[in-house]
Amino acid sequence: MENKGIADIFTAIADILDIEGENPFRVRSYRNAARTIEDLSQSLESMIKTGMNLEEIPGIGKSIREKIEEIISTGKCHFLEELRAQVPAGLTELLKLEGLGPKKVKALQDQLGVDSVDRLEKAAQAGRLRNLAGMGSRTEEKVLKSIEKYRAGMGRFKLSVGFIYAQALLEYLKEVPGVRRLDPAGSFRRRKETIGDLDILAICAKGCRVMDRFVKYGETAEIIAKGETKSSVRLQCGLQVDVRVLEEESYGAALHYFTGSKAHNVAIRDRAKELGLKISEYGVFDSKDEKRISGAKEEDIFKAVGLPFIPPELREDRGEIQAAEQGKLPRLIELSDIRGDLQMHTTATDGKHSIAEMAEKVKEMGYAYIAITDHSKAVRVAGGLDEKGLARHLKEIDKVAAQVTGVRLLKGVEVDILADGSLDLKDDILQECDVVLAAVHSRFNMEEKEMTRRIIKALKNPNVNILAHPTGRLILEREAYKVNLKEVFQAAFDYGVVLEINAYPDRLDLRDVDARMAKEMGAKLAISTDAHSAAQLELMRFGVYTARRGWIEAKDVINTLPLEELFKFLR
DNA sequence: GCCGTTTTCGGCCCGACTGTTTTCAGTCG
């Protein structure tokens, strides 16, 4: 079974135990394990095969290791099946409804026999919820609304979508008289590939009407909560936005707190506790006399627990606190380190703009070089080039290059990796290229072994420089194909092939955690936009964010090199 | 259920808002 499936099993266990009123810390253990497993770069199955002790993974102890082993060897988890025998199948689904937690779900089942979303809807419509302790007619209204939203399938949003709404909202709130400072926090600030909601922090003058204005924002569909320090709305697109108003003296503590991640915060607070301190969103306090020590600046929080500043992108409790403690935090790559873009498409295949138009755009951006990398013939829908077509196209690139000053155009291609691992174009034409990207665009549903063999065979071709979007996933749309990344990264290292972090916001492929493993295995990376228009060349930042989340430094990335060094490297 | 250079037992982050309550439990982040 894939990691995702195993993580889902532990989430299901946690949900049922939660409803059953189990020790909340035991519940949390299962949830933590599920999260950890989803973040792994390697399948648990292959980890077991190579003899690794799963208990070395933080958050996985004896009990969960045994369950993983059972799931992998039998495909089932006995414990979950036992739990499911006690609890109606639809019950855990109710937890997904906003405003319903384990206690209410339990009461609904015990007292009204509600065990599914449909039955809950009927009970609420019939006005039967108000008979329960702690519930009233407002609860019924909220439940019906939650069901409607749930059915509409509102979930997470791509980071790039978050950027669009965040920018517009910040512009709007900035205009409110008395607003002194605004910062987005949360997973948006950590640049996570998807965001569940948008958190905005504010400092305001006394009497500022920021909350009144916020809930009147033009795209507000629903006001979820409105208070003096915290308000929440849902926008028409379904995105929830929270605004929090804070005092200047505690702003840093709040910024840290609301940036998260939750796991990072727990670890920081745990550490504070050991030092006799208490950290909350209001500041750093002495545990004994509750006296306030600091908290105006975000740095204060780290200083209080004896650590240097940790960049938001690293705050996932993936070892950043230990690294900070040992002075081993990476010097994360920045957008300004990028000197060129090594994947883009033109009108020769499925791009919107010509070679010259792409070149003009990157001149504005100040790049030293770009590679033009159109598709090969296997990608029919994109009008991929055959050998002859590519030969003509390479000449065209040379012609345009002769007319363009200030930026060097590299001749490239994104050649398809066919089902058997051979390449879609002959070697002699690939040799004409400065950069050859290889990529999978078909037959996604192979078995892991077959897919791994296919990709590694392609990497062995000495003409291949970069493996493009190595897992093929589309965020929120398509799962990655099954492939043993550890073996692929090893092959990439052995054959000197660079691994791409595709910056296109729907891809971000490699993922953050995968890029980190690639780096740790010694492989080099390239961050490329895969732009299909001139405007999309600006998407580079999303690739850089992903790289930063993967602990990547400028020296790990080949398109931070000056042109001459890049050439040397590619040869 | 996990974890440990104070611990192998006894901890496990902390506060705002809501709705239904007369002082708080539940949910959320």
Side-chain angles (χ1 to χ4, degrees), chain A residues 10 13-14 17-19 21-36 54-68 79 94-108 129-143 145-146 185-188 190 195-201 211 223-233 240-246 250 253-254 256-285 287 290 301 305 317 325:
Chain A
F10 291 129
I13 290 174
L17 292 178
D18 216 356
I19 293 169
E22 235 320 329
N23 175 355
F25 299 107
R26 188 178 176 210
V27 174
R28 196 166 81 184
S29 296
Y30 282 108
R31 295 204 193 283
N32 282 343
R35 184 184 73 99
T36 303
L54 300 183
E55 287 186 45
E56 284 169 22
I57 303 169
I60 293 182
K62 181 165 177 284
S63 169
I64 291 183
R65 171 185 56 79
E66 284 173 355
K67 290 188 179 70
I68 294 170
F79 183 52
L94 298 180
L95 286 177
K96 292 185 185 153
L97 297 173
E98 196 179 289
L100 282 194
K103 298 289 192 297
K104 282 187 185 160
V105 169
K106 175 78 173 155
L108 286 167
L129 265 51
R130 64 189 71 177
N131 303 328
L132 271 55
M135 297 193 207
S137 56
R138 292 273 295 137
T139 316
E140 285 165 359
E141 277 172 45
K142 283 191 76 172
V143 160
K145 260 192 191 168
S146 294
S187 46
F188 178 85
R190 301 200 311 280
I195 60 168
D197 60 14
L198 191 57
D199 296 299
I200 298 175
L201 307 188
M211 291 310 198
I223 300 168
I224 299 167
K226 181 168 178 273
E228 271 178 46
T229 63
K230 184 199 162 179
S231 298
S232 295
V233 307
Q240 181 178 326
V241 185
D242 298 347
V243 169
R244 293 181 162 86
V245 174
L246 300 144
S250 58
H256 178 263
Y257 178 68
F258 289 112
T259 296
S261 65
K262 197 169 176 172
H264 169 89
N265 287 351
V266 169
I268 290 283
R269 288 184 179 198
D270 195 38
R271 195 179 160 90
K273 220 170 174 182
E274 284 168 21
L275 297 168
L277 301 169
K278 191 187 80 173
I279 292 177
S280 76
E281 58 261 51
Y282 296 108
V284 181
F285 300 87
S287 303
E290 298 279 308
I301 305 302
V305 294
D317 193 27
E325 192 170 38

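Closest to the A:D197 side chain, of the nucleotides B:dC2, B:dC17, B:dG29, is B:dG29. Side-chain proximity of A:K142 to the nucleotides B:dT27, B:dC14, B:dT18 is greatest for B:dT18. Comparing B:dC2, B:dG29, B:dC13 by their nearest atom to the side chain of A:S29 picks out B:dC2. Taking every side-chain heavy atom of A:S280 into account, B:dG15 is the closest of B:dG1, B:dG15, B:dG29. Taking the side chain of A:K103 as heavy atoms from C-beta on, and the options B:dG29, B:dC13, B:dG26, the nearest nucleotide is B:dG26. In this structure, of B:dC12, B:dT27, B:dC14, it is B:dC14 that holds the atom nearest to the side chain of A:R269.
For the OP1/OP2 pair of B:dG19 and a distance below 4.0 Å, the side-chain nitrogens and oxygens of A:R130 include no atom meeting the criterion. For B:dC17, the OP1/OP2 oxygens have a side-chain nitrogen or oxygen of A:T229 closer than 4.0 Å. Between A:Y282 and B:dC14 there is no side-chain N or O to OP1 or OP2 distance below 4.0 Å. Regarding contacts with the backbone of B:dG15, a side-chain N or O of A:K278 is found under 4.0 angstrom from either OP1 or OP2. Side-chain N/O atoms of A:K230 include none lying less than 4.0 angstrom from OP1 or OP2 on B:dG15. Note on A:R26: a side-chain N or O is less than 4.0 Å away from OP1 or OP2 of B:dG1. In this model, the phosphate group of B:dT20 is approached by a side-chain N or O of A:T139 to a distance below 4.0 Å at OP1 or OP2.
With C1' as the reference atom, B:dG10 and B:dT6 are 14 Å apart, rounded to whole Å. If you take atom C1' in B:dT7 and the same atom in B:dC12, they sit 13 Å apart, rounded to whole Å. The gap from the P atom of B:dT20 to that of B:dG26 amounts to 15 Å, rounded to the nearest Å. Here, B:dT18 and B:dT22 have their C1' atoms 16 Å apart, quoted to the whole Å. When the P atom is used for both B:dC9 and B:dC14, the distance is 25 Å, rounded to whole Å. The C1' atoms of B:dT21 and B:dC17 are separated by 15 Å, rounded to the nearest whole Å. With both ends at atom P, the span from B:dG4 to B:dC13 equals 15 Å, rounded to whole Å. When the C1' atom is compared between B:dA16 and B:dG11, the two are found 26 Å apart, to the nearest whole Å.
With hydrogens and angles ignored, a donor-acceptor pair under 3.5 angstrom links the side chain of A:Y257 to the base of B:dG29. Evaluation of atom-type donor-acceptor distances gives no pair under 3.5 Å for the side chain of A:N32 against the base of B:dG1.
Residues A:S63 and A:K67 have side chains that bring a donor and an acceptor to within less than 3.5 angstrom of each other.
Here B:dT20 is in the anti range [glycosidic angle more than 90° from 0].
A:Y257 contributes atom OH, which lies 8.0 Å from atom CZ of A:R244 (distance to the nearest 0.5 angstrom). Atom NZ in A:K106 sits 10.5 Å away from atom NZ in A:K103 (nearest 0.5 Å). Between the CD1 atom in A:I268 and the CD1 atom in A:I301 there is a gap of 9.0 Å [rounded to 0.5 Å].
The residue from A:D197, A:L198, A:I224 that alone fulfils the side-chain contact (heavy atoms from CB on, under 4.5 Å) condition with A:V241 is A:L198.
No contact: A:I268 has no heavy atom under 4.0 Å from any strand. Residue-level contact check: A:K262 touches the bases, meaning some heavy atom is under 4.0 Å from a base atom. Within the 4.0 angstrom heavy-atom criterion, only backbone atoms of the sugar-phosphate kind lie near A:L97; the bases stay farther away. Within the 4.0 angstrom heavy-atom criterion, only backbone atoms of the sugar-phosphate kind lie near A:S137; the bases stay farther away. Here A:N23 lies in heavy-atom contact (under 4.0 Å) with a base. Among the heavy atoms of the strands lying under 4.0 Å from A:E228 are primed sugar atoms or P, OP1, OP2 only; no base atom is included. No contact: A:K106 has no heavy atom under 4.0 Å from any strand. Counting non-hydrogen atoms under 4.0 angstrom, A:P58 reaches the backbone sugars and phosphates but no base.
In this structure, A:R31 places its CZ atom 16 Å from C1' of B:dC12, rounding to the nearest Å. The distance between atom NZ of A:K273 and atom C1' of B:dT6, rounded to the nearest whole Å, is 15 Å. Atom CG of A:D242 and atom P of B:dT27 are 18 Å apart (whole Å). Here the P atom of nucleotide B:dC13 and the NE2 atom of A:H264 are 14 Å apart, to the nearest Å. Between the CZ atom of A:R271 and the P atom of B:dT5 there is a distance of 12 Å, rounded to whole Å. Rounded to a whole Å, the CD atom of A:E66 is 14 Å from the C1' atom of B:dC2. Atom P of nucleotide B:dG19 and atom CG of A:L132 are separated by 17 Å, given to the nearest angstrom. Taking atom CG on A:L201 and atom C1' on B:dG15, their separation rounds to 15 Å, with Å as the unit.
The heavy-atom pair separating A:D199 from A:G186 by the smallest distance is OD2-CA, 3.6 Å. Looking at every heavy atom in both residues, A:M211 comes nearest to A:S231 through SD-OG, 3.2 Å.
Across the interface with DNA chain B, nearest-nucleotide mapping of A:I57 and A:R28 shows A:I57 to be the residue nearer the 5′ end. Taking the nucleotide of DNA chain B with the nearest heavy atom to each of A:F79 and A:M135, the more 5' of the two is matched to A:F79.
A salt bridge links A:R138 to A:E141: one of the charged nitrogens lies within less than 4.0 Å of a carboxylate oxygen.
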With side-chain contact (heavy atoms from CB on, under 4.5 Å) as the criterion, how do A:R31 and A:D18 come out once you've worked through the C-alpha distance, each side chain's angles and the decisive distance to 0.1 Å?
CA-CA 11 Å; A:R31 295 204 193 283; A:D18 216 356; 3.1 Å; yes
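Applying the Watson-Crick and G-U wobble criteria (two distances, each under 3.5 Å), B:dT8 pairs with nothing in any strand.
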